[in-house]
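This report refers to the structure that appears directly beneath it.
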Amino acid sequence: MAFNFDKDTDWIFTFCKNCWDFKKFVFQKPINFELKNSYIGICTNCKKNQRINLMEARDYYGHLNDHNN
């Protein structure tokens, strides 16, 4: 299943610097990959706030989409 950047979503899977693993992060509002460079997200595993670099996340999901299409 490919990640849809046009659909409003308030969560992504990305690397947690506290858990040292890829975890689900939730955000207070839908992510806008075009207008923002980063958002503060909360890891659903360790419950720590982290600044998520959206450029890195977009590249990661873009790479996964290339392999899922």
Side-chain angles (χ1 to χ4, degrees):
M1 185 167 119
F3 189 84
N4 184 350
F5 291 103
D6 296 325
K7 180 182 172 192
D8 283 347
T9 186
D10 63 353
W11 62 271
I12 59 171
F13 281 93
T14 192
F15 188 77
C16 176
K17 297 170 189 146
N18 191 57
C19 297
W20 285 90
D21 198 2
F22 278 80
K23 299 293 180 184
K24 183 178 181 179
F25 280 80
V26 293
F27 302 88
Q28 292 182 350
K29 58 184 179 179
I31 303 165
N32 187 326
F33 286 95
E34 301 299 322
L35 297 178
K36 295 279 192 169
N37 291 327
S38 65
Y39 272 95
I40 299 294
I42 301 170
C43 175
T44 59
N45 187 62
C46 69
K47 309 296 188 227
K48 301 284 184 184
N49 288 344
Q50 292 181 38
R51 182 170 299 280
I52 306 301
N53 182 324
L54 294 181
M55 296 287 283
E56 290 176 4
R58 185 171 180 91
D59 289 346
Y60 171 74
Y61 279 103
H63 181 71
L64 288 179
N65 285 351
D66 290 344
H67 293 284
N68 285 325
N69 290 332

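Side chains are part of it too, since the values below use all heavy atoms of this structure and drop only hydrogens, waters and symmetry mates. Everything quoted here is computed from the prediction, not taken from an experiment. The chain is numbered in sequence order, starting from 1.
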I12 and side chain to side chain contact (heavy atoms under 4.5 Å, CB included): which partner among F22, F27, Y39? F27
Value rounded to 0.5 Å, distance of CD in Q28 from CD1 in I40: 9.5 Å
Name each donor-acceptor pair under 3.5 Å that joins a side chain in residues 48-55 to protein atoms two or more places apart or in another chain, with its distance.
residue: Q50; atom: OE1; partner: K17; partner atom: N; Å: 3.1
residue: R51; atom: NH1; partner: S38; partner atom: OG; Å: 3.0
residue: N53; atom: OD1; partner: M55; partner atom: N; Å: 2.9
residue: N53; atom: OD1; partner: E56; partner atom: N; Å: 3.1

Any pair with a residue in residues 18-27 that passes salt bridge (charged side-chain N to carboxylate O under 4.0 Å, His left out), sequence neighbours left out, goes on the list, sorted by first then second residue, please. D21-K23
Can you name the residues that form a ring-ring contact (aromatic ring centres under 6.0 Å, His included) with F13, not counting sequence neighbours?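 Expected list: W11.
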Nearest heavy-atom contact between T14 and F25 is CG2-CD1, 3.5 Å
